[in-house]
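Structure first, then comments.
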Protein chains: 2
Amino acid sequence: MRWEELDREPCSLARSLSIVGDRWTLLVLRECFLRVRRFEEFEQRLGIARHVLADRLKKLTDAGVLRKEPYQERPRREEYRLTEKGLDLYPVMLALLDWGDKWMSGPEGPPLLRRHKVCGHVTHAVHTCSECGEELKARDMTVELGPGAPAAMKAAGGKAE
Amino acid sequence: MRWEELDREPCSLARSLSIVGDRWTLLVLRECFLRVRRFEEFEQRLGIARHVLADRLKKLTDAGVLRKEPYQERPRREEYRLTEKGLDLYPVMLALLDWGDKWMSGPEGPPLLRRHKVCGHVTHAVHTCSECGEELKARDMTVELGPGAPAAMKAAGGKAE
DNA sequence: CGCTAAAGTTCTTTTTCGGAACCCATCTTT
DNA sequence: AAAGATGGGTTCCGAAAAAGAACTTTAGCG
């Protein structure tokens, strides 16, 4: 499979990865969630090559995950901000952060903690069923064809991809 | 920043990405969650170059996300299975799947649906606070130093990375 | 003996990446 | 007015990684 075809795969994971599945993109987005908005600041904090950063910002903007907004005229300067689509990636961040906290920390514990302002506690995410509220576990899930499945998959009787 | 240094960054996101932050790894893991276990089957389903697959399986095995188990002797054949560490990546999958369903589907809807066997409903994940049960939103979170923060970060007064 | 299967490895050609230099339109300082 | 400084890029090069195809190894089968 070639990388540019990924967004047309009949799989939401593949399609998501066509946007965020590369080495730098999620690190750029981490900075966005930490309110970093300017080219220079991304570059300094990440140590990313400038043309790679330019490319990623453009791709994220084209994908509707970031939007470019002028913050001054003369000289015109623009900053990058998360759109609603981008903010919706927060659960992906949380899932990766929690997994890293649990499995990639040394014996001392995780380098950073997240506190939930609403209740005041240090927290991690629990992934619950939107319908019954129970925690979702891999072995409790089945996959089935959705409305957007390609005809070939429907004809094949719903072999999950 | 160089890619091999990523796992030593004081950031759980970066550390997680040092394992799963590449083009193919999460697609390989998708297949694992769909009970694919053998080299050939990964190759056929993914259309991945064999040496890239061999490399990813080795890295995932070295990282403790997969384990290699013989399923027959003479000739010896081995299959790859998710470890507990690997199964714990399920929330990452869910988050990416749900995001893709919402933002990357055509007008017809998502190509596949996930049903929760426990309650019988088609579902998506809600990311809730482990302490208070409310949904976690980006703007309700603050970051602070954890026990594993490097001394330099503590000295700098907790500048979040 | 020749054929097939599973799981890799090797080789060659494209892409992508990292690092550094350069560009350009405006302020700011001398 | 000339000489930086700033922000946001683009260009160029050599190095690293990926795609694609062929080759290898161990063993069973007819």
Side-chain angles (χ1 to χ4, degrees), chain A residues 1-9 14 17-29 31-32 35-63 66-81, chain B residues 1-9 14 17-29 31-32 35-63 66-81:
Chain A
M1 196 195 325
R2 174 155 277 93
W3 198 246
E4 313 89 59
E5 303 160 14
L6 206 55
D7 58 338
R8 275 159 281 151
E9 286 274 301
L17 291 177
S18 75
I19 311 285
V20 299
D22 104 295
R23 287 181 155 74
W24 281 111
T25 301
L26 280 169
L27 290 171
V28 170
L29 289 171
E31 299 304 319
C32 293
R35 278 99 169 153
V36 169
R37 302 198 167 109
R38 300 188 188 172
F39 193 95
E40 292 270 305
E41 207 179 349
F42 284 110
E43 193 213 344
Q44 283 159 27
R45 293 176 59 104
L46 292 171
I48 184 176
R50 295 174 73 91
H51 66 307
V52 176
L53 175 59
D55 178 75
R56 292 306 179 281
L57 289 171
K58 178 164 185 349
K59 280 185 178 151
L60 285 170
T61 305
D62 290 349
L66 299 180
R67 93 187 104 90
K68 220 169 165 174
E69 285 214 345
Y71 64 89
Q72 70 173 41
E73 302 287 338
R74 337 189 44 81
R76 186 183 182 84
R77 296 275 185 262
E78 320 216 56
E79 60 184 16
Y80 295 89
R81 287 166 162 269
Chain B
M1 194 196 325
R2 174 156 276 92
W3 197 247
E4 313 89 59
E5 303 161 12
L6 206 55
D7 58 339
R8 274 160 280 153
E9 286 273 301
L17 292 177
S18 74
I19 310 286
V20 300
D22 104 297
R23 286 178 156 75
W24 281 111
T25 301
L26 280 169
L27 290 172
V28 170
L29 289 171
E31 299 304 318
C32 292
R35 278 95 169 156
V36 169
R37 302 198 167 105
R38 300 190 188 170
F39 193 93
E40 291 271 304
E41 207 180 348
F42 284 110
E43 193 216 342
Q44 282 159 28
R45 295 175 59 105
L46 292 171
I48 184 176
R50 297 175 72 90
H51 62 87
V52 177
L53 175 58
D55 178 74
R56 291 307 178 278
L57 289 172
K58 178 166 185 346
K59 280 184 178 151
L60 286 170
T61 304
D62 291 349
L66 299 180
R67 94 188 102 88
K68 219 169 167 175
E69 284 214 345
Y71 65 89
Q72 70 173 41
E73 301 289 340
R74 334 192 45 80
R76 187 181 182 83
R77 295 278 185 260
E78 319 217 56
E79 60 183 16
Y80 296 89
R81 288 165 163 270

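Each chain gets a letter, A, B and so on, in the order its sequence line appears, and its residues count up from 1.
The pair B:Arg81-B:Glu79 meets the salt-bridge criterion, since a charged nitrogen lies less than 4.0 angstrom from a carboxylate oxygen. Under 4.0 Å is where a charged nitrogen must lie from a carboxylate oxygen, and between B:Glu40 and B:Arg77 no such pair does. A:Asp22 has a carboxylate O that lies under 4.0 Å from a charged side-chain N of A:Arg56, or vice versa, which qualifies the two as a salt bridge.
No contact: B:Glu43 has no heavy atom under 4.0 Å from any strand.
Cation-pi contact between B:Arg38 and B:Tyr71: present, with separation from the ring centre below 6.0 Å and deviation from the ring axis of at most 45°.
In this structure, B:Gln72 contributes its side chain and B:Pro75 its backbone to a donor-acceptor pair below 3.5 Å.
Taking only side-chain atoms of B:His51, from C-beta outward, the nucleotide of D:dA19, D:dG7, C:dG19 with the closest atom is D:dA19. Of the candidates D:dT10, C:dA7, D:dG9, the closest approach to any side-chain atom of B:Arg38 belongs to C:dA7. Taking only side-chain atoms of A:Lys68, from C-beta outward, the nucleotide of C:dA6, D:dG9, D:dA17 with the closest atom is D:dG9. Taking every side-chain heavy atom of B:Arg50 into account, D:dA22 is the closest of D:dA22, D:dG9, D:dA18. Distances from the side chain of A:Glu40 to the nucleotides D:dA18, D:dG7, C:dC17 place D:dG7 closest.
Summarising the geometry, the separation between CZ on A:Phe42 and P on D:dG9 is reported as 11 Å, rounded to the nearest angstrom. Protein atom CZ of B:Arg45 is 15 Å distant from nucleotide atom P of C:dA6, rounded to whole Å. As a whole-Å value, the separation of B:Arg76 CZ from D:dG28 P is 14 Å. Between B:Glu78 atom CD and D:dT26 atom C1' the separation is 13 Å, expressed in whole Å. Note: CG (A:Leu53) to P (C:dA20) measures 17 Å, nearest angstrom. Between the OH atom of B:Tyr71 and the C1' atom of D:dT26 there is a distance of 13 Å, given to the nearest Å. Counting to the nearest Å, the P atom of C:dA7 and the CD atom of B:Glu41 are 10 Å from each other. Between the CG atom of A:Asp55 and the P atom of C:dG18 there is a distance of 12 Å, given to the nearest Å.
The side chain of A:Trp24 places no N or O atom within less than 4.0 Å of a non-bridging phosphate oxygen (OP1 or OP2) of C:dT16. Applying the 4.0 Å criterion to OP1 and OP2 of C:dA6, one finds that B:Tyr80 has every side-chain N and O outside that range.
Nearest-nucleotide mapping onto DNA chain D: of A:Leu57 and A:Pro75, the residue sitting toward the 5' end is A:Pro75. For the pair A:Ala49 and A:Gln72, nearest-nucleotide mapping onto DNA chain C gives the more 5' position to A:Ala49. The 5' end of DNA chain D is approached more closely, in terms of each residue's nearest nucleotide, by A:Phe39 than by the other of A:Phe39 and B:Glu73. The residue among B:Glu79 and B:Arg23 whose nearest nucleotide of DNA chain C lies closer to the 5′ end is B:Glu79.
With hydrogens and angles ignored, a donor-acceptor pair under 3.5 angstrom links the side chain of A:Arg77 to the base of D:dT6.
With rounding to the nearest 0.5 angstrom, the CD1 atom of B:Ile48 is 8.0 Å from the CG atom of B:Leu27.
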